[in-house]
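Contents: one structure, followed by commentary.
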Amino acid sequence: MVRSIFCWVFAWLCVLAWPLQVQAQSHASEVTDLRLERADDGVYLSASLQLALPELAEDALYKGIPMFFVVEAQVLRERWYWSDRQVATATRHLRLNYQPLTRRWRLSTSPVPFSNTGLGVALGQNFDDLRDAVSAMQRISRWKIAEDGEIDADAVHTVHFRFRLDMTQLPRPLQIGAVGSAGWSLAVARNQRLAPEVTR
């Protein structure tokens with residue numbers, strides 16, 4: 001009798017917890033799509049991401065602290081007789097910040113790390129809503145990750161793609177608190193093979 005009651009209560013708890021588990025899984029960060037394209041001038045990468053900003057990072061954003069993200073692509077040429085050889089790398093830096101006076105979000109993109117001097121080339125976009133800004137970060141379209149001369153037409157290559165929150169750019173007190181904290185964790189990665197070019 002006691003055992004049957006325990007099993008019944010356990011089953012109901014599982015049923016009640018299931019929607020919470022599904023919701024947590026649906027908000028997990030991941031690379032939902034990754035495409036590589038060979039062109040006459042090199043290799044291009046397009047990707048779709050599902051990003052869930054860490055709660056601590058979102059809280060810091062609303063307090064006016066910018067968050068920095070890094071998008072990385074590493075191209076390796078497969079070799080049967082030795083370890084794979086790196087032939088190309090590409091990096092993109094993103095800075096997301098909230099402007100309290102205008103209540104708008106600004107997303108800046110740069111091929112080099114952002115500095116306090118304000119120098120450098122950066123493309124900026126403004127958004128009225130945080131969701132729109134994050135949505136823009138989730139789409140990568142035709143990003144050139146390798147030049148044509150760096151890729152062997154008759155060899156198989158592997159592309160390692162990664163998107164992560166750059167915690168080294170956080171203010172020093174936040175960096176100390178973020179060490180080992182899951183509340184600051186945001187990193188997604190995926191590997192994709194680039195087949196040899198088809199000759200006709």
Side-chain angles (χ1 to χ4, degrees), residues 28-54 57 66-97 106-125 133-171 174-175 178-180 184-199:
S29 298
E30 62 177 337
V31 182
T32 58
D33 186 36
L34 181 63
R35 300 178 304 280
L36 302 174
E37 175 189 351
R38 284 183 181 266
D40 293 337
D41 60 339
V43 176
Y44 290 83
L45 180 149
S46 298
S48 297
L49 314 177
Q50 177 66 44
L51 300 178
L53 288 181
M67 291 292 114
F68 297 84
F69 305 87
V70 180
V71 189
E72 302 165 311
Q74 181 185 35
V75 185
L76 301 177
R77 184 187 187 278
E78 294 186 4
R79 298 188 293 188
W80 63 270
Y81 58 90
W82 199 251
S83 59
D84 297 343
R85 178 171 62 92
Q86 178 178 299
V87 295
T89 58
T91 306
R92 178 180 288 182
H93 299 267
L94 305 175
R95 180 179 60 200
L96 178 63
N97 65 296
R106 183 165 182 82
L107 177 63
S108 302
T109 306
S110 173
V112 296
F114 294 93
S115 65
N116 294 329
T117 61
L119 301 177
V121 179
L123 174 66
Q125 296 175 278
V134 174
S135 179
M137 291 196 301
Q138 293 179 149
R139 298 184 305 270
I140 299 174
S141 179
R142 283 186 58 81
W143 176 32
K144 190 174 185 179
I145 61 173
E147 299 291 340
D148 179 56
E150 297 173 322
I151 305 298
D152 296 330
D154 59 347
V156 176
H157 297 75
T158 300
V159 175
H160 298 307
F161 172 82
R162 189 179 184 208
F163 180 101
R164 61 182 173 85
L165 173 65
D166 186 5
M167 291 187 292
T168 64
Q169 296 271 14
L170 295 174
L174 290 182
Q175 287 187 35
V179 174
W184 287 100
S185 177
L186 174 58
V188 295
R190 184 166 167 178
N191 298 337
Q192 184 86 3
R193 296 187 73 191
L194 179 65
E197 188 174 359
V198 178
T199 57

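Every value quoted in this text rests on a predicted model; they were computed, and no experiment measured them.
- For Thr158, the side chain to side chain donor-acceptor pair (under 3.5 Å) partners at least two apart in sequence or on another chain are Glu78.
- Here the side chains of Leu96 and Met137 are in contact, with some heavy-atom distance below 4.5 Å.
- Using a 4.5 Å heavy-atom threshold, the side chains of Phe161 and Ile140 count as touching.
- Listed here is the closest heavy atom pair of Pro54 and Ser185: CG-O, 3.5 Å.
- Glu72 meets the side chain to side chain donor-acceptor pair (under 3.5 Å) test with Arg164; sequence neighbours excluded.
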Give every donor-acceptor pair under 3.5 Å between a side-chain atom in residues 36-44 and any protein atom, sequence neighbours left out.
unit_1	atom_1	unit_2	atom_2	d
Glu37	OE1	Arg142	NH1	2.6
Glu37	OE2	Arg142	NH1	2.9
Arg38	NE	Ala195	O	3.1
Arg38	NH2	Ala195	O	3.0
Asp41	OD1	Tyr44	OH	3.3
Asp41	OD2	Tyr44	OH	2.7

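- Listed here is the closest heavy atom pair of Ser108 and Phe114: O-CZ, 3.5 Å.
- Between Ala47 and Leu45, the closest heavy-atom pair is CB-CD2, 4.0 Å.
- A distance-only check finds a donor-acceptor pair linking the side chain of Thr32 to the backbone of Ser48 [under 3.5 Å].
- Under the side chain to side chain donor-acceptor pair (under 3.5 Å) criterion, Arg162 pairs with no residue at all, not counting sequence neighbours.
- Of all the heavy atoms in Ile145 and Ala90, the pair that sits closest is CA-CB, 3.7 Å.
- Residues that satisfy the side-chain contact (heavy atoms from CB on, under 4.5 Å) test with Gln138, not counting sequence neighbours, are Leu49, Gln50, Leu51, Val134, Ser135.
- Panel note: side chain Asp166, backbone Thr168; a donor-acceptor pair is recorded below 3.5 Å.
- Counting only residues at least two apart or on different chains, the side-chain hydrogen bond (donor to acceptor under 3.5 Å, both in side chains) pairs with a member in residues 79-97 are Gln74-Gln86.
- Smallest separation of non-hydrogen atoms from Ala88 and Ala146: CB-CB, 3.7 Å.
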>> With side chain to side chain contact (heavy atoms under 4.5 Å, CB included) as the criterion, how do Val75 and Glu150 come out once you've worked through the C-alpha distance, each side chain's angles and the decisive distance to 0.1 Å?
In response: CA-CA 9 Å; Val75 185; Glu150 297 173 322; over 6 Å; no
